[in-house]
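Report on the following structure.
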There are 2 protein chains.
Amino acid sequence: MARTAGSSGEKTLAAIREAGLDLIHAHGYETMSLRQLAARIGLQPGSLYNHIETKQDLLFDLIHNHMVTLLASIDKALAGIEDPLEALEAFIAFHLTYHIERKREVFIGSSELRSLEPKNRRKIVALRRSYEDRLCTILKQGAARGLFKIEDVRVSAYAILAMLTGICTWYDAKGRIGQRKLIAIHTRLVLQGVMK
Amino acid sequence: MARTAGSSGEKTLAAIREAGLDLIHAHGYETMSLRQLAARIGLQPGSLYNHIETKQDLLFDLIHNHMVTLLASIDKALAGIEDPLEALEAFIAFHLTYHIERKREVFIGSSELRSLEPKNRRKIVALRRSYEDRLCTILKQGAARGLFKIEDVRVSAYAILAMLTGICTWYDAKGRIGQRKLIAIHTRLVLQGVMK
DNA sequence: CCTTTTTACGAACGTATGATCGTTTTTATA
DNA sequence: TATAAAAACGATCATACGTTCGTAAAAAGG
C-alpha cells in the first residue's frame, strides 16, 4: 500500500495539530507518543514525518502559534481604550473568554514550557513576557492616575494572571457557572482588589 | 559486590524521596528516569526496588505525604480563630509561607496529578478538596456575618487559591521581594477583593 | 497524457525505560 | 556467636519510543 485516496497535506497537518492539542492536554507532551497521535488520525507513525520535523517541533509550533494569536488578540481587545479602569475590565473579560475557548492551548502553553528545548523556550517566554507587560502597563497607568493602589506592579500582575488563568484547570463551559457570571466574579475580585 | 558498608534503609529511602522531589520538580515525572534518580544518590537502578514498589508508587507517596502534611498544618494555623477576617488573613499567610518553603512538593502536587493512576489520583483529589473546603468555610462564614460579599463561594475560593499558588512558578526567596512584602501584597488584593 | 511531486505505507534501527532476579555482603536479632 | 533479614550489585528482560528509509500509489502541473 501507499498514498491513500483523498489524502491532502493541509488536512493531515491540521489533524495532527488538533490531535496533538488534545493528547498533550490530556496526557502531557512526554507521555503522548507519536504512535498514539498517528493512530488517532489513522496514520502510520512514520507518515507523521511528512508533515512535522520532530515531536519537539510540533510542540513548539502549537505553543508559538498560540502565543502569537494571544498577543494579536489582546492588542485588538484593548485598542482605543484610554481609561485604565476600562482597560483592566477589558483585559479581564478578554483573558477569561479567550482562555475558556482555548483551554487546551493555554494549558499546554504554560504547563509544557518545561518540555521545550532551551532555545524554543526562550522565544516563548519572551512572548509571554510581552503579554504580561500589557497588564503591567494598565496597572501602572491606573496607579499613576490615582485610580489604583498597587504596591508592586509586577507581583500584582502575576497574582492577577495566576487567578485568571486558574480557571483553565476546572472551568466547564457546560457546567453550573455561566461565562457572564464567571467574568463578573473575577472582575469584582480583581477590580476591588486593586482599587485605591 | 553487594550490600555497601554503612548502608541503612531509612537513609536511602529519605535520599530517594529527596532526589525524587528534586528531579520531578525539575524535569517532570515522566521525564525523570529511575536511572537518573539512582545515579543521583549513588545507587544501581535495580536497588531502588528495595525501597519503593514502583515509580508510580514513589510519586503517589510524595504527593500523598505532602497533602496530609498540608492539611494538618492548615488546621493548626487556623485553630482557635473565630473571626472570618482574621481566619482569611491567617489562611493567606499560611498558604504563602508553606508554599514558599515547599515549592517542589506543591508544584508536583498540582502539576503531576495527571501522572497519577486514576485510583491514586482520586485519593489526592479528595484531600485537595478538603483543603479547598477550609477556605470555602471561611468565605461562607464571612459572608454570613456580612463581612464579605461573595457571589459564589467555590468559584471565589478557586480564584483565590489559584492566585496564591501562582507564586510557586516565579517566586525566588533570594530575589527582590521579601516574604513579608509578598504576603502583604496578596493579603491586600484578596481581602479588599472579597470585602463588602 | 505524461511527468513530477506529494503523501502514505510498513519494516526496521538504535536507544532508553521500568522492572525482575539471583547473588553477595552487611546489619540486626535472639 | 549463629541465624535471619536487609540492602546493594550487576546482568538482563520485554517493551516502547522517536526517527529513518525505500517503495508505491495518488494528486498536481504542464
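In what follows, every chain begins at residue 1, and chains take the letters A, B, ... in the order their sequences are listed. As the structure is a prediction and not an experimental result, all values here were calculated from the model.
In this structure, the CG atom of B:Leu43 is 9 Å from the C1' atom of D:dC9, given to the nearest Å. A:Met32 places its CE atom 17 Å from the P atom of D:dA16, with the value rounded to the nearest Å. Distance A:Lys55 NZ to D:dC17 P: 9 Å, rounded to the nearest Å. Computed from coordinates, the B:Tyr49 OH to C:dA19 P distance equals 3 Å when rounded to whole Å.
For the OP1/OP2 pair of C:dC9 and a distance below 4.0 Å, the side-chain nitrogens and oxygens of A:Ser47 include at least one atom meeting the criterion. One finds a side-chain N or O of B:His51 lying less than 4.0 angstrom from the OP1 or OP2 phosphate oxygen of D:dA8. Distances shown here put a side-chain N or O of A:Gln44 below 4.0 Å from the OP1 or OP2 atom of C:dG10. One finds a side-chain N or O of A:Ser33 lying less than 4.0 angstrom from the OP1 or OP2 phosphate oxygen of D:dC17. Look at B:Thr12 and you'll find a side-chain N or O under 4.0 angstrom from OP1 or OP2 of D:dA8.
Listed by chain and residue number, nothing satisfies the salt bridge (Lys or Arg N to Asp or Glu O under 4.0 Å) test with A:Glu30 (two or more places apart in sequence, or in another chain). Remark: A:Asp83 pairs with no residue by the salt bridge (Lys or Arg N to Asp or Glu O under 4.0 Å) rule, at least two apart or across chains. Shown here are the salt bridge (Lys or Arg N to Asp or Glu O under 4.0 Å) partners of B:Glu151, two or more places apart in sequence or in another chain: there are none.
If you check distances only, the side chain of B:Asn50 never reaches the base of D:dA6 with a donor-acceptor pair under 3.5 Å.
In terms of position on DNA chain D, the residue among B:Pro45 and A:Thr54 whose nearest nucleotide sits closer to the 5' end is B:Pro45.
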Table of protein N/O atoms under 3.5 Å from nucleotides 11-15 of chain C N/O atoms:
none

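When only modelled atom types and interatomic distance are considered, B:Ser47 and B:Gln44 share no side-chain donor-acceptor pair under 3.5 Å.
Applying the ring-ring contact (aromatic ring centres under 6.0 Å, His included) definition to pairs two or more places apart or across chains, those involving residues 96-152 of chain A are A:His25-A:Phe107, A:Phe91-A:Tyr131, A:Phe94-A:Tyr98, A:His95-A:His99, A:His95-A:Tyr131. Residues in residues 166-196 of chain A take part in these ring-ring contact (aromatic ring centres under 6.0 Å, His included) pairs, two or more places apart or across chains: A:Trp170-B:Tyr158.
Between A:Arg128 and A:Glu132, at least one side-chain nitrogen of the basic residue sits less than 4.0 Å from a carboxylate oxygen of the acidic one, meeting the salt-bridge criterion.
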